[in-house]
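Every chain is numbered from 1 and lettered A, B, ... according to where its sequence line falls, protein lines coming before strand lines.
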2 protein chains.
Amino acid sequence: MQISMKCSVAVHCLIFIHEAKGTVKVTSELLAKSTGCNPVVIRNIISALKKSGLITVQRGTGGAELCAEPSQITLYQIYTALEPNGLKSLIGVHSCQERPCPVAQNIAKVLQTPYSQIEDAIKSTMEKITLQSMIEEFRGLANSQN
Amino acid sequence: MQISMKCSVAVHCLIFIHEAKGTVKVTSELLAKSTGCNPVVIRNIISALKKSGLITVQRGTGGAELCAEPSQITLYQIYTALEPNGLKSLIGVHSCQERPCPVAQNIAKVLQTPYSQIEDAIKSTMEKITLQSMIEEFRGLANSQN
DNA sequence: ACAAGATGTAATTTCAACAATTACATCTAT
DNA sequence: ATAGATGTAATTGTTGAAATTACATCTTGT
């Protein structure tokens, strides 16, 4: 599966939560309106972010807040919060090991090294991207919009 | 969508074609047996590789052969042969631009920079991986199997 | 105490993308 | 001509993601 929309929606939510701080109570209903997703989808994403310690959510009364400075939150943290299997799920290998052909029996192992290299490259790139940088980008865009 | 199984199957086919050179005629039927895919799926993959100039296929009589040295064929070439949209298709962004919220209106642009960085990282990693290196890996594994 | 408004999650439905399959036109060597 | 391939369009599963439904649980205000 792809680096799914979930990740984009999560970043959306985190920016929203940060920018709304002190002005309004951020509920799943509100985030659903902003992102265009269903409230339950939002709650699942929010729940995953919470389990990873990126945000706190006030049970019952509602309201989400960041747990850390945006400069300390990386895109990789956000991604892994949402994808328990991590980057493994990004690349697919066909299964054919039981077949009587030397290529079939070894293809999975042959692909392991290249695919790991790709995963590592994605990981280290994601680790360099912070929520802070995305918020700054957002503020620049939002200001020039007026 | 993911770096789909198609890519793994394509590498499988290319190794097969290379290793079979001079021994048997490599038909889509044969590749289908080895990979476990349907012959038509193989023909589509083979057809894409052909259009990119990586292999030649003898129309009518059958038989596929590499067009270049394995050391000159990179994983990135293989991948782009199969995915016309390239790495763009790997990362999904939710659409919410029409919504009356500054975050919603700008999120797509905010994500553009990070996602481009990820795509570039994947691309340059894939460009460093050659069919040659995968064939060597395969031969090492196949030999130690005996 | 209890109603209102939230979150947390399980279960189901919907939907889109991918792969498999069917079908058939076309090509090449014998 | 025919046998054995490739090239592709069209259709049919199949699978996984997202949306939705439903309901249990929590917190605060009254």
Chemist: Measure from CG on Leu31(A) to C1' on dG8(C) and round the result to the nearest Å.
Modeler: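 So the two atoms are 16 Å apart, to the nearest Å.
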
Chemist: Once you round it to whole Å, what is the distance between C1' of dG8(C) and CD of Glu29(A)?
Modeler: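 Whole-Å distance recorded here is 15 Å.
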
Chemist: Within this structure, what is the CE-to-C1' distance between Met5(B) and dT14(D), rounded to whole angstrom?
Modeler: 12 Å

Chemist: Apply side chain to side chain contact (heavy atoms under 4.5 Å, CB included) to the pair Leu75(A) and Met134(A), showing each step before the final yes or no.
Modeler: CA-CA 10 Å; Leu75(A) 187 56; Met134(A) 292 189 280; 4.3 Å; yes

Chemist: Which of the following nucleotides, dA6(C), dA5(D), dA18(D), is nearest to the side chain of Lys25(A)?
Modeler: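 My answer, after comparing the listed nucleotides, is dA6(C).
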
Chemist: Look at the side-chain N and O atoms of Asn38(A) and state whether any lies under 4.0 Å from the OP1 or OP2 oxygen of dA18(D).
Modeler: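 For dA18(D), OP1/OP2 do not have a side-chain N/O of Asn38(A) under 4.0 Å.
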
Chemist: Looking at every non-hydrogen atom in both residues, tell me the closest pair between Gly62(B) and Lys25(B) and how far apart they are.
Modeler: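 Smallest heavy-atom distance, with atoms named: O-CD, 3.5 Å.
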
Chemist: Which heavy-atom pair separates Ala48(B) from Leu82(B) by the least distance, and what is that distance?
Modeler: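 Closest pair (atom of Ala48(B), atom of Leu82(B), distance): CB-CD2, 4.0 Å.
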
Chemist: To the nearest Å, give me how far apart CD1 (Ile42(B)) and C1' (dA20(C)) are.
Modeler: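 To the nearest whole Å, that distance equals 12 Å.
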
Chemist: Please confirm whether the shortest side-chain N or O distance from Ser47(B) to OP1 or OP2 of dT8(D) is below 4.0 Å.
Modeler: yes

Chemist: Does dG8(C) have OP1 or OP2 sitting under 4.0 Å from an N or O in the side chain of Lys50(A)?
Modeler: yes

Chemist: To the side chain of Val41(B), which of dT7(C), dA19(C), dT8(D) is closest?
Modeler: dA19(C)

Chemist: If you look at every heavy atom in Ala81(A) and Ser52(A), which pair is closest and at what distance?
Modeler: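 Answer, listing the atom of Ala81(A) first, then Ser52(A): CB-OG, 3.1 Å.
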
Chemist: Looking only at non-hydrogen atoms, find the nearest pair between Ala32(B) and Cys37(B) and report the distance.
Modeler: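 Residues Ala32(B) and Cys37(B), closest heavy atoms: CB-O, 3.2 Å.
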
Chemist: Nearest-Å distance, CD1 (Ile45(B)) to C1' (dT8(D))?
Modeler: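 So the CD1-C1' distance, Ile45(B) to dT8(D), works out to 15 Å.
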
Chemist: Side chain of Thr61(A) only, heavy atoms from C-beta on: which candidate in dT28(D), dT28(C), dG8(C) is closest?
Modeler: dT28(D)

Chemist: The side chain of Val40(B) is closest to which nucleotide in this list: dT8(D), dT28(D), dA18(D)?
Modeler: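 For the Val40(B) side chain, the nearest candidate turns out to be dT8(D).
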
Chemist: Figure out the CD1/C1' separation between Ile46(B) and dT8(D), and round it to whole Å.
Modeler: 15 Å

Chemist: Between Gln58(A) and Val57(B), which is nearer to the 5' end of DNA chain D once each is assigned its nearest nucleotide?
Modeler: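 By nearest-heavy-atom nucleotide position, the 5'-most residue is Val57(B).
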
Chemist: If you only use heavy atoms from C-beta on, which nucleotide in dG7(D), dT22(C), dT9(C) is closest to the side chain of Lys51(A)?
Modeler: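 Of all the options, the side chain of Lys51(A) is nearest to dT9(C).
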
Chemist: So if I take every side-chain heavy atom of Asn44(B) and compare against dT8(D), dT9(C), dC27(C), which nucleotide ends up nearest?
Modeler: dT8(D)

Chemist: Could you work out which one of dT21(D), dA19(C), dT6(D) sits closest to the side chain of Arg59(B)?
Modeler: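 Among the listed nucleotides, the one closest to the side chain of Arg59(B) is dT6(D).
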
Chemist: Rounded to whole angstrom units, what separation is found between the NZ atom of Lys6(A) and the P atom of dA19(D)?
Modeler: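 Roughly 11 Å, once rounded to whole Å.
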
Chemist: Other residues, nucleotides and ligands only: do more than 12 of their heavy atoms fall within 6.0 Å of CD on Glu127(B)?
Modeler: yes

Chemist: Side chain of Arg43(A) only, please: which of dT8(D), dA20(C), dT7(C) is the nearest?
Modeler: dT7(C)

Chemist: Over how many whole Å does the gap from His94(A) atom NE2 to dA20(C) atom C1' extend?
Modeler: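 It is 15 Å, rounded to the nearest whole Å.
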
Chemist: Is Ser28(A) close enough to dT7(C) that one of its side-chain N or O atoms is under 4.0 Å from OP1 or OP2 there?
Modeler: yes

